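All of these numbers come straight from a predicted model, not from anything done at the bench.
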Amino acid sequence: MAYKLITPWLNQTYGIDDTNRFSPYARLAGKEFNGGSVSGNIPVSLTDIPRGVSLLINGTTVTAEQTPSQDDLAAASYYYLGGHEYTISNYEANILINAGYGSYVTAI
């Protein structure tokens, strides 16, 4: 049986912090602002952008990574890039379901 996987995503505000990682407290210009969608002072529709989360599988271990490196992808047994839809096998679906990602997998 085949399955469909739609990779997870997170709502985030576009911008990076001092460590070059995405920051949920930055404006589109990358500047800090008071309040924000986390505290509810600014509507989510004005600040947050859905960003894909990649799933890397090594054996039966699944790791969710927002910004995987080429080395991370090369070292993985399987990987599914964030923001995409995949047709996967029964074996791959069972690994994801057992790792707690069953809500992203549907039978087709």
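Expressed to the nearest 0.5 Å, how far CD of Glu65 lies from CG of Leu73 amounts to 9.0 Å. Summarising the geometry, atom CD1 belonging to Ile88 is positioned 5.0 Å from atom CG belonging to Leu5; distances are rounded to the nearest 0.5 Å. The structure places CG of Asn98 at 8.5 Å from OG1 of Thr60, a figure rounded to the nearest 0.5 Å. Note that CZ of Arg51 is 10.0 Å distant from CG of Leu10, once rounded to the nearest 0.5 Å.
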>> Test side chain to side chain contact (heavy atoms under 4.5 Å, CB included) on Leu56 and Asp72; report intermediate values, then the result.
In response: CA-CA 8 Å; Leu56 285 66; Asp72 294 337; 3.7 Å; yes
> For Leu55 and Tyr101, what are the C-alpha separation, side-chain angles and deciding distance, and is it a side chain to side chain contact (heavy atoms under 4.5 Å, CB included)?
Replying inline: CA-CA 10 Å; Leu55 300 176; Tyr101 293 94; 3.7 Å; yes
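No donor-acceptor distance shorter than 3.5 angstrom exists from the side chain of Thr87 to the backbone of Lys4, with no hydrogens or angles considered. Panel note: side chain Tyr79, backbone Ala74; no donor-acceptor pair is recorded below 3.5 Å.
Residues Ser77 and Asn58 share a closest heavy-atom pair of N-OD1, 3.3 Å. Nearest heavy atom pair, residue Val53 against residue Ala64, reads CG1-CB, 3.7 Å. Scanning both residues, Ala107 and Met1, for their nearest heavy atoms gives CB-SD, 3.8 Å.
Heavy atoms of other residues, nucleotides or ligands lying less than 6.0 angstrom from CD of Gln70 number 12 at most.
Neither Ile6 nor Trp9 shares a network with the other; the hydrophobic side chains, linked directly or stepwise wherever heavy atoms of I, L, V, M, F, W or Y lie under 4.5 Å apart, form separate groups for each. Hydrophobic clustering (side-chain heavy atoms under 4.5 Å, transitive across Ile, Leu, Val, Met, Phe, Trp, Tyr) groups Leu81 together with Ile57.
Residues Thr7 and Tyr104 form no side-chain contact, since every pair of their non-hydrogen atoms from C-beta on lies 4.5 Å or further apart.
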Expected list for residues 90-97: side-chain donor-acceptor pairs under 3.5 angstrom, two or more places apart:
from: Glu92; atom 1: OE1; to: Ser89; atom 2: N; distance (Å): 2.8
from: Glu92; atom 1: OE1; to: Ser89; atom 2: OG; distance (Å): 3.1
from: Glu92; atom 1: OE2; to: Tyr80; atom 2: OH; distance (Å): 3.0
from: Asn94; atom 1: ND2; to: Asn90; atom 2: O; distance (Å): 3.3

